[in-house]
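Numbers restart at 1 for each chain; the letters A, B, ... are given by sequence-line order, proteins then strands. Quantities reported herein were computed from a predicted structural model and do not represent experimental measurements.
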Protein chains: 2
Amino acid sequence: MAQAQTLSRNQQIVLNIIEKAKGPLKAYSILFNVQKKGINAPQQIYRALDKLIEMGKIHKIESKNAFVACRSSDCEISKATAFSICESCEMVDEISDTKLSKYLSSFNHKKGMKFKRFNLEFFGLCKKCK
Amino acid sequence: MAQAQTLSRNQQIVLNIIEKAKGPLKAYSILFNVQKKGINAPQQIYRALDKLIEMGKIHKIESKNAFVACRSSDCEISKATAFSICESCEMVDEISDTKLSKYLSSFNHKKGMKFKRFNLEFFGLCKKCK
DNA sequence: TTATCATTGTTATAATATAACGTTTGTTAT
DNA sequence: ATAACAAACGTTATATTATAACAATGATAA
Ligand SMILES: [Zn+2]
Ligand SMILES: [Zn+2]
Ligand SMILES: [Zn+2]
Ligand SMILES: [Zn+2]
């Protein structure tokens, strides 16, 4: 059962940076940004990232090894994620489309696999770049 | 226009290993497997992998940083890929489902982005593991 | 031939991520 | 309050994944 989540100090620092960013952030870029706050080691970043992902506060963009804040309030703990990614400017936008989400959540593989989670990444050129 | 592709020596070696494998292979695991064939450096592997991906002969499983051979003859140069991934045994299966593919290929983001490509990864437990 | 282009081999290094260990802090139960 | 436990922390070291840079070779075509 999901309880009201209280963030630890490091988790809050990392989340703030990611939320303020315009695009996806990489772990070491986050690290360099928080060294003034006394966080010095990759482990501290990765631990915070792991927890934030568990909580559904952020998502990992797998094709970029980078992290974005969750912008969709109804995104249930990263079980069903979809993103549009611009191949030119690197912009990433979280897609919350109920139909898409339902379609994929109910998709069942012929070979008898039952899915718990999916991640979908679209690539192309955003409005600005096309 | 796609021409009949001729593979170079290194490309062929790497493809053979990936095709013979039961599951996804990581770049360095491929490297260790081909050192007897005179390939000694990561660059040689990554270069072959890049070309093979371009040709649509293999795909990268982004969430695992690993590579699988393309099993679906109608998979057009990795423009529309979908996989089911077992979180227990690491099995990966390429999904070729025309409906799914059409649905996603025609999916258009509200914000005006036109997609060229997508990659979808489902996670769960395979038949054996559930 | 000469130019051009893909591929190769090689060394070095960058970028991403985890292991392992001990300490500190926060929570819960008595 | 205090003991017990779990979560988070700080730190050092190391593992894993990926690219840069450069020189040599091989294949293709004007
Ligand atoms: Zn989300
Ligand atoms: Zn763009
Ligand atoms: Zn394929
Ligand atoms: Zn399995």
Discussion item. Can you work out whether B/Ala48 or A/Lys60 has the more 5'-proximal nearest nucleotide on DNA chain C?
Written reply: B/Ala48

Worksheet item: Between B/Lys26 and D/dT17, does any side-chain N or O lie under 4.0 Å from OP1 or OP2?
Response: yes

Discussion item. Pick the closest DNA chain D nucleotide for B/Asn65 and for A/Gln43 by heavy atoms, then say which residue is nearer the 5' end.
Written reply: A/Gln43

Worksheet item: Looking at the side chain of B/Arg47, which of C/dG9, D/dA18, D/dT17 is the nearest nucleotide?
Response: C/dG9

Discussion item. As an exercise, state the distance from CD1 of A/Ile18 to CD1 of A/Ile58, rounded to the nearest 0.5 Å.
Written reply: 4.0 Å

Discussion item. Taking the minimum atom-to-atom distance to the side chain of B/Ala41, which one of C/dT16, C/dT11, C/dG9 wins?
Written reply: C/dT11

Worksheet entry | Contact nearer the 5' end of DNA chain C, comparing B/Arg9 with B/Tyr28 | B/Arg9

Discussion item. Looking only at the side chain of A/Asn40 (C-beta and beyond, no hydrogens), which of the listed nucleotides C/dT18, D/dC9, D/dT11 gets closest?
Written reply: D/dT11

Worksheet entry | Rounded distance in Å - CG (A/Asp50) to C1' (D/dA7) | 14 Å

Worksheet item: C/dA6 phosphate, OP1 or OP2: any side-chain N/O from B/Lys51 under 4.0 angstrom?
Response: no

Discussion item. Can you tell me if B/Ser8 touches the phosphate of C/dA6, counting only side-chain N or O atoms and a distance under 4.0 Å to OP1 or OP2?
Written reply: no

Worksheet item: Counting side-chain heavy atoms from CB outward, which of C/dT7, D/dA18, D/dA8 is closest to B/Phe67?
Response: D/dA18

Fill in: Partner nucleotide, any strand, of D/dT25 [Watson-Crick/G-U, under 3.5 Å]
C/dA6

Discussion item. Within the 3.5 Å criterion, strictly below it, is a donor on B/Asn119 or B/Glu121 matched to an acceptor on the partner's side chain?
Written reply: yes

Item to complete: Check the angle between the aromatic planes of B/Tyr28 and B/Tyr46 and answer parallel, tilted or perpendicular using the 30° and 60° thresholds.
Response: perpendicular

Worksheet item: With sugar-phosphate meaning primed atoms plus P, OP1 and OP2, does B/Gln44 contact a base, only sugar-phosphate, or nothing at under 4.0 Å between heavy atoms?
Response: base

Worksheet item: For the residue pair A/Phe115 and B/Phe123, is the inter-centroid distance of their aromatic rings smaller than 6.0 Å?
Response: no

Practice prompt. Ignoring hydrogens and angles, tell me if any N or O in the side chain of B/Gln44 forms a donor-acceptor pair with the backbone of B/Ala41 under 3.5 Å.
Written response: yes

Item to complete: Choose from C/dT7, D/dA18, C/dA17 the nucleotide whose nearest atom is closest to any side-chain atom of A/Pro42.
Response: C/dA17

